[in-house]
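All values below come from the heavy atoms of this structure, side chains included, with hydrogens, waters and symmetry mates left out. Just so we're on the same page: letters track the sequence lines, and every chain starts at 1. Note that the structure is a prediction, hence the values are computed from the model and not measured.
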Amino acid sequence: MEKTVELNRLGLALADYKGKPSTLCPGCGHNAISNQIQAAIWELGLAPEKVMKISGIGCSSKSPNYFLDRSFGFNGLHGRMPTLATGASFGDSSIKILGISGDGDTASIGMGHFKHVIRRNVPMVYIIENNGCYGLTKGQFSATSDQGLVLKHQGVNLLPPLDLCMEALISGASFVARTFSGDVKQMKELIKAAISQTGIAVIDVISPCVTFNNRDDALQSYSWGREHEAPIQGITFFSSREDMQLENFEEGTYREIELPDGSYIVLKKIDKDYDPTDLNAALDLLTESYKYHYFATGLIYFSEVPPTIQEQYDLPAEPLNRLTADRLRPSKESLEAINISLY
Amino acid sequence: MEKTVELNRLGLALADYKGKPSTLCPGCGHNAISNQIQAAIWELGLAPEKVMKISGIGCSSKSPNYFLDRSFGFNGLHGRMPTLATGASFGDSSIKILGISGDGDTASIGMGHFKHVIRRNVPMVYIIENNGCYGLTKGQFSATSDQGLVLKHQGVNLLPPLDLCMEALISGASFVARTFSGDVKQMKELIKAAISQTGIAVIDVISPCVTFNNRDDALQSYSWGREHEAPIQGITFFSSREDMQLENFEEGTYREIELPDGSYIVLKKIDKDYDPTDLNAALDLLTESYKYHYFATGLIYFSEVPPTIQEQYDLPAEPLNRLTADRLRPSKESLEAINISLY
Amino acid sequence: MLDTTQDSVQGNEQIVNEVCMTICTVNGSGSATANNILYRALFRMGILTSGKNIFPSNIKGLPTWFVIRASARGYTGRVEYDDMVVAMNPATIQKDVSYLRNGGVLFYADHLEKPEITDKEVIIYPMPIKTLMKQVDAPRNLQSYMENMLYVGIVGQVLRIPEEILKATIEHQFRSKPAVAESNFNIVKLGFQYALENIEKTDRYYLQQLPELRDYILTDGNNAAALGSLYGGLQFCAWYPITPATSLVESAIDHVGKLRKDPKTGKNTCVILQVEDELAAAGAALGAGWAGLRAMTSTSGPGISLMTENIGLAYFTETPMVIWDVQRVGPSTGLPTRTAQGDLSMLYTLGHGDTKHVILIPGTVTECFEFGWRSLDIAEKNQTPIFVLSDLDLGMNSWVTKRFEYPNQPIERGKIIWEEQLEQIKDWGRYKDLDGDGIPYRTVVGNMSKKAAYFARGTGHDEYGNYSEDPKNWSDMLNRIGAKLDGVVKDLPGPIIRRAKADADIGIIGMGSTHDAMIEAQDILAEMGIQADYMRVRSLPANTDVREFIASHARNYVVELNRDGQLRQILSLEISEYSEKLISISEIGGLPLPAAWTAESVFAKEKHNGKNC
Amino acid sequence: MLDTTQDSVQGNEQIVNEVCMTICTVNGSGSATANNILYRALFRMGILTSGKNIFPSNIKGLPTWFVIRASARGYTGRVEYDDMVVAMNPATIQKDVSYLRNGGVLFYADHLEKPEITDKEVIIYPMPIKTLMKQVDAPRNLQSYMENMLYVGIVGQVLRIPEEILKATIEHQFRSKPAVAESNFNIVKLGFQYALENIEKTDRYYLQQLPELRDYILTDGNNAAALGSLYGGLQFCAWYPITPATSLVESAIDHVGKLRKDPKTGKNTCVILQVEDELAAAGAALGAGWAGLRAMTSTSGPGISLMTENIGLAYFTETPMVIWDVQRVGPSTGLPTRTAQGDLSMLYTLGHGDTKHVILIPGTVTECFEFGWRSLDIAEKNQTPIFVLSDLDLGMNSWVTKRFEYPNQPIERGKIIWEEQLEQIKDWGRYKDLDGDGIPYRTVVGNMSKKAAYFARGTGHDEYGNYSEDPKNWSDMLNRIGAKLDGVVKDLPGPIIRRAKADADIGIIGMGSTHDAMIEAQDILAEMGIQADYMRVRSLPANTDVREFIASHARNYVVELNRDGQLRQILSLEISEYSEKLISISEIGGLPLPAAWTAESVFAKEKHNGKNC
Ligand SMILES: Cc1ncc(C[n+]2csc(CCOP(=O)(O)OP(=O)(O)O)c2C)c(N)n1
Ligand SMILES: Cc1ncc(C[n+]2csc(CCOP(=O)(O)OP(=O)(O)O)c2C)c(N)n1
Ligand code: SF4
Ligand code: SF4
Ligand SMILES: [Mg+2]
Ligand SMILES: [Mg+2]
């Protein structure tokens, strides 16, 4: 019996989006993210060659090796992923950038670059695989570790955590979301929406480290997350207005948001009415969720996209890295004029 | 005719708090800050030997040379002031730390350390002499430069500014203020209050660079500041409850706040009632003031001081750097026990 | 020439206390405990042994190896072939057996696919791990951990490790948890008993108890370094995690609470602080050193790269601090869990502009302890950053090493002066060379004298610390610092020299963790007919003993674990009149230096040089 | 021996086109324009001249000096004594005149306190600046600027610069603003006229017009470097401001709009991006280089320190990028506005682990242009970071230099392959050495071939870029990279050699900005009776010409602006068999190399060597 393989609009199978076999710990939250990334991009029908993967150092940053084998990737330096992405984004701006980082990579050593890559609006999806600890170096505190967290060899963490969504917000990100490795459905929709955004989109994924920080009461554990997750909205992604089957949504309970590439997300109201386009509401949500330890996930903030870093330069439509040499060297006459001006 | 010199409670004259002659440009906002620092410390009656000055690199960071000659100081590396202060704070924790930085020093190269020194609550007064540009390297954009700002050689700044008070707030600072080199009275009171705080106190001083960024319409210019400054409260500092002359304040128009060292500030209501102990109100104030380009100054946020970094270790009351050598080397017997445990 | 691939089959007399065994397991399966128990058991039998952990940069699932070498002659260098393989990892078993010598021994978990071995004779002992496990009441998450305990018993029995030694070792391992010790011992006993009853020993490897090694301990260089620093009066350590330096600070964290309570007040006298990155770690250590604390940081190559600017500042502001560089393989992220000696050149002149730093290079675990306290003294005495260069092999592997010796000198704080001393100096300036040794007197914050304060800066300054762009000021300052550091040499540990039995024409030179392998290589060379004196450089800049050693040999082979022969380069710069006498031998695969390979390399070059040997 | 302090009073014939003049002003007073006008006027008269700005790390108020040297023989090295001083700064006037030779000339603003001069004869011309200013309608903020314009006229007239030359120069300076030119010229004329009518010339210094220097231009190395890079097809430059490298990128910003519009679309083909720090600058340049753009960054010592980790990554991932290091005085923050050559050692092996980098060292402004485009070619061809080592003197001072020559080679992109070429390679791997030259083929993002992608990493990898901890993989990879870089030497600019007039026993060796001073020193030595061949090293690793030069001289004096003799060290490592032939002469005061001092130093050492000279 022949097994039929499902193909996307490019005629590619999910297998075409796979990476090398993961060498992360079985059950690691990061593996769930890898899976959703490949699924999301496959479903979007984006060719793997149209994506590049940039990461720092950490278990999280190793993970791009485990998806999208046909995409270019660069596993760079600890904390410097945003800088690498900034430079690479000019090579061929038709290529979507996935920046993959960890909480150590982003919130500790990489904090400055994180803020600035957002401020510069480098068009990319910036995913933080946030496990509240350093996995690869075997379980030290990171800057998102919960206050009071106890880790072997480390004792008690006395410092309050930084909130990376808040950081992204006040640096000017036009797309900020939080999700959870235990909620893969939501995660996938958010990834799709983020990819459809044209500016920088930041997704803070709470992604448990099953080896070093998964005690039931730990803020970044599966159990805590499963028990406390409070999605602020239901979220469904549609590639186009035509795909949207709004009849499935009850009148007045949802809100549609058009993304810059013509795709849509439909946000379904859950408890109270949350307006993801209101910056102050987003800030309030985050301060509250920290104060009362509740775990708000979903699309926290969305706004019109400010000019991307490429839009600030008047660049050719063709990829810069394909310009032939003759288009890069000014004329002999121009040099003559310079020589004259310097006499 | 003999001129009488005013002395503070230590019997010291203001001259005892002076530094070397300033080599900054005449009129530079930073000079105003130097003056207020020495005045504030003199008025507080704090011995110059009880203060240390730590700075980064920039015109701002050079300025500690121009006040408090009798205080130890370290003009360190660009952006690394907080790290130096972190280490130095353990030498003798009875010494008050003044950290002096610029917007380039803090918001560009030093952003990561800025966030983390606040998160760690290193007890110090962190003053940003914020002129929205790089002075010492002759007028480039910094991360606090206003969007649309035009500087020679640089063209137009297309990026939105970062708000350093906002950054300090969400990193967990328990004292956040903004003031202006054109409002030295307010500045001095805030400096005194900050010094009386036991945790980290952040003051963002808008301090015009008269040479490179003082065009009338520039956000960090004297004229713009003078025209737009909107203090959120009147502020007066008192060393103790006894000093407070509350009869000078009209009933219901003020609020007193006790600082951890027993001194007080009295905040006088100006327009609307602003509650500096409400984090969300502070965030709202800052987002609004950015949105509507109004220049709110004063004590933006104040809260109970979380444990300082020193309080997280159970350290002797004596300064660590005065402990004699015999108190630093464990006994011979203890080594014997270790040797045995490793057999 | 010695044949390192020699068979061990020939003859049938017992081979006693001479075995190299590799235990092949899966990372994260908890095999470390099992391996350490076996290793310590040999040590407790009085056998000089080495144990080397070869592990991946991975938390769980990738192959990992533990190599135990017992040597009657006390050699512990890496050998390239195994006498014994304990195979527990299905993914690598076929490759693992390829390293067995002809006549070697294979233990393997019998649920794995039996490897094909066609090119040599191997004695095979299958281990019915899964079957035995049925008798064990193991919680699911401890399953693989316990399977490993079984091979401890089986292999131990076949090697004839006495049961009570295993017991004592396990009790030592779990000394704070007797119940755990007991349950572990029960599993080991199960394996032991199985072997006793079922395995007919046909191999010739035997372990025999020797007098106890009571002058020795079993520990790693990072633990030793941490302890040495704590006994050296360390007061402030800022750090950022990085393999293989992490365990240095984590050891310090484990010990600090017990060891560093102030005798007077019972309060802590040493602060260990994890910061946001290595720029901060170096910056904070520098700040603490400047404020009068004995300060250090610990990192590895990538961290050193990030500390570059701060180290330059420490050098030029003459601020004491100690930087441990526990080397891994570079450049770049390289091989984070493999060993190398590739950072030497970089450290020596770290920082832009003219700099030259003092480097201490411990070669044994006991020296890690000693240099731990000494480095703090040298730093404070000379007011400069001091590097201590260790590596993964030395730092993370457990070594049988001499017991730690209590420091034989009081803590040296150097020329820190307080209020009273300051009053006695007429015209003090922070950077004034009052004693003609290039070392000025320094004050620190908290000194309440009116004239104590100065403004430290990385920019040009005069003798009082005042800003200066004057050319003469600048050159005087920098030249004095240069001269000061020439003077440090007398405070530094000189080379260790081991003479050949007979007059030697050539020298072999090494540093750091290759020490044991170098000694073995020296002996192998002697067997090959080449007398070579051996020198281990323990610090840079080099002293006159190093110079004399080089001068007195026709050819000196500098052996090191890096590509470019960095020690050779530095020596040939420092001792340039003899640079032609220095020949590089280097290895960069990331594994500890193999002694036989070293000897062969020297032999080959000597032959090439037309020497008859 | 040449007496550099020789009087210039003796004799009374005119001294023509031979004068060294220091103009002493206050920083931020706008004197730069005035000084440049004087400087260019000399150039326009056809006189080979140098102009050096010696300025403080300060924006306004501290003393600053501008030294103009006219030399009939074309020498432009720094001389240590002045023939003429123009004193406009009350704070320094007394010190400034101390550098005057006996018989020298002092112009001073007569509202300053007249300096006391007791030790020599000086011809003094007071300048009634304030009085003349009364005739000028100057806005308050331009007061001091215009005062400076006055000395241009006065000094110009006394030196006999033709009025029309001054006029033309001013018109050139303000070529886009004729009205400003006119008002400036009017002030200059006022001074000129005053001098003409009131100053009786008693000194002997005269300038005389020569044929126009039509093959020359007047510009600085940073501008040249910026232009060279833009003509080299630069596509991406990430940077962070730092003196003295800032003006390199700011020049590029000034030019990029005009020069780098795509001929096809009129869009920009080069991006210049200021980032948050040097870690980001290097990281972004690396990212762009990896993505197939011609990428660079420009910085100075402290920035290099911060780039260390990224450069190691670029080296090991074989990513092309160019790093300009415009050196200032280090270590640490050092003297930001003074010149040095102290970063060489650091750059050569920048990064932890084994690294070795290619360094280009331009010695003239025209070479800054040439190396600007060449460096991008060499980087892409060899897939490695390339350093270009300039310094403040070369980079920020204006030099009379040869006109820029249009690149004589097409842009070299190296082995970048796109879809079609990739199809033709059977078993392509990013790090596979298919041609045996150590240089693999590389693909870049956007390549739509299914097999084009690879995962770059700073960790161990095999020929396909896959993660690997295999020892052989690692050593093969690192050795290939090492070998590849040995091969770069053929692409590098070889040394410039200037032979002595007669057979020379000794050589003098220099690099970079000291070129002019070295030539002058060579000639002075000849006058002193010492024939010396001169070689300027223009790149590292050194090629065989360098070796031969060293080999063929009994003694080679390596002259450099750093403490430790860094070039000497590197050469003696590379060419170790002749290391004893290399003798260090070095200067670290932060000022350009003085020729006479250099000659004297060589002379003294030769004498000390027992040579008769
Ligand atoms: C400069 C530098 N410092 C330290 C390290 C060691 N290191 C590797 S991964 C890591 C932390 C990673 O934490 P995170 O980003 O949270 O990733 P996770 O492993 O938790 O997914 C550190 C400190 C390094 N590789 N480079
Ligand atoms: C590592 C490093 N990079 C760059 C510089 C050059 N630099 C000196 S001051 C400065 C900017 C200072 O700006 P800011 O902190 O705002 O101070 P301001 O001069 O405006 O007061 C820079 C980039 C440096 N000294 N070190
Ligand atoms: S250590 Fe933690 S973060 Fe790393 S792979 Fe394992 S579970 Fe994931
Ligand atoms: S350049 Fe600007 S910041 Fe610097 S001293 Fe002058 S006015 Fe102040
Ligand atoms: Mg993490
Ligand atoms: Mg500034």
Side-chain angles (χ1 to χ4, degrees), chain A residues 20 47-50 52-54 57 62 64-65 68-77 79-80 82-92 94-95 112-113 115-116 120 309 313-323 325-332 334-336 338-339 341-343, chain D residues 214 216-219 227 230-233 235-236 238 258-260 262-265 267-269 271 273 275-277 279-280 282-295 309-310 313 403-404 406-407 410-411 413 444-448 450 452-459 466-467:
Chain A
K20 304 266 183 296
E49 289 77 14
K50 280 286 182 195
M52 66 172 129
K53 311 168 290 184
I54 314 277
I57 296 281
K62 278 163 86 171
N65 205 16
L68 294 178
D69 219 20
R70 280 167 47 181
S71 304
F72 277 82
F74 202 137
N75 185 191
L77 296 179
R80 317 294 165 206
T83 73
L84 210 51
T86 299
S89 72
F90 284 92
D92 179 344
S94 74
I95 309 296
H113 303 309
K115 307 288 290 187
H116 283 95
R120 274 195 297 268
I309 191 167
Y313 295 82
D314 184 31
L315 300 175
E318 277 163 279
L320 269 191
N321 69 5
R322 296 226 186 214
L323 296 187
D326 54 306
R327 293 162 71 180
L328 301 178
R329 174 163 288 166
S331 70
K332 212 162 180 162
S334 66
L335 187 62
E336 194 43 37
I338 287 170
N339 273 326
S341 77
L342 295 173
Y343 174 73
Chain D
R214 276 292 172 189
Y216 290 80
I217 53 178
L218 191 64
T219 191
L227 286 166
L230 293 174
Y231 280 83
Q235 292 169 290
F236 183 84
K258 240 177 284 172
L259 293 177
R260 292 298 299 282
D262 181 16
K264 235 171 159 169
T265 61
K267 303 279 186 176
N268 296 318
T269 65
V271 169
L273 179 68
V275 291
E276 65 270 27
D277 60 22
L279 293 126
L286 172 57
W290 171 75
L293 300 184
R294 287 167 83 84
E309 198 191 11
N310 267 303
L313 178 65
R403 292 160 64 94
F404 299 140
Y406 199 70
I411 284 180
R413 299 294 320 250
V444 298
V445 287
N447 187 319
M448 295 299 290
K450 260 192 229 180
Y454 70 100
F455 195 57
R457 44 162 59 91
T459 42
N466 291 323
Y467 185 69

Response to the item:
Honestly, the part of Ala295(D) sitting under 4.5 Å from a heavy atom of chain A is neither
Worksheet item: Non-hydrogen atoms of chain A under 4.5 Å away: do they reach the side chain of Tyr454(D), the backbone, both or neither?
Response: both
Worksheet item: So how far is it from Gln235(D) CD to Leu320(A) CG, rounded to the nearest 0.5 Å?
Response: 6.0 Å
Worksheet, complete the sentence: Whatever's closer than 4.5 Å to a heavy atom in chain A on Leu218(D) counts as both
Discussion item. Need one label for Ala238(D): side chain, backbone, both or neither, based on atoms under 4.5 Å from any heavy atom in chain A.
Written reply: neither
Worksheet entry | Proximal component of Thr269(D), with respect to chain A [non-hydrogen, under 4.5 Å] | both
Worksheet entry | Part of Asn447(D) lying under 4.5 Å from any heavy atom of chain A | both
Fill in: Most contacts with chain A, counted as non-hydrogen pairs under 4.5 angstrom, among Leu286(D), Leu259(D), Val271(D)
Val271(D)
Fill in: Check: Val275(D) and Arg120(A) side chains under 4.5 Å, non-hydrogen atoms
yes
Worksheet item: In terms of heavy-atom proximity below 4.5 Å to chain A, should Asp277(D) be classed as side chain, backbone, both, or neither?
Response: side chain
Worksheet, complete the sentence: Heaviest contributor of heavy-atom pairs below 4.5 Å to chain A, chosen from Leu230(D), Thr219(D), Thr459(D), Leu279(D), is Leu279(D)
Discussion item. List the residues meeting salt bridge (Lys or Arg N to Asp or Glu O under 4.0 Å) with Arg413(D), not counting sequence neighbours, and say none if there are none.
Written reply: Glu380(D)
Worksheet item: Minimum heavy-atom separation for Trp290(D) to Gly73(A), with atom names?
Response: CZ2-O, 3.3 Å
Worksheet item: Between Arg260(D) and Pro330(A), which heavy-atom pair has the shortest distance, and what is it?
Response: CD-CG, 3.8 Å
Worksheet item: Which residue out of Ile338(A), Asn65(A), Asp69(A), Thr86(A) racks up the most heavy-atom pairs below 4.5 Å with chain D?
Response: Asn65(A)
Discussion item. Is there a side-chain contact between Phe90(A) and Tyr313(A) in this structure, where contact means two heavy atoms from C-beta onward sitting under 4.5 Å apart?
Written reply: yes
Item to complete: Name the region of Arg403(D), side chain, backbone, both or neither, that has any atom closer than 4.5 Å to a heavy atom of chain A.
Response: both
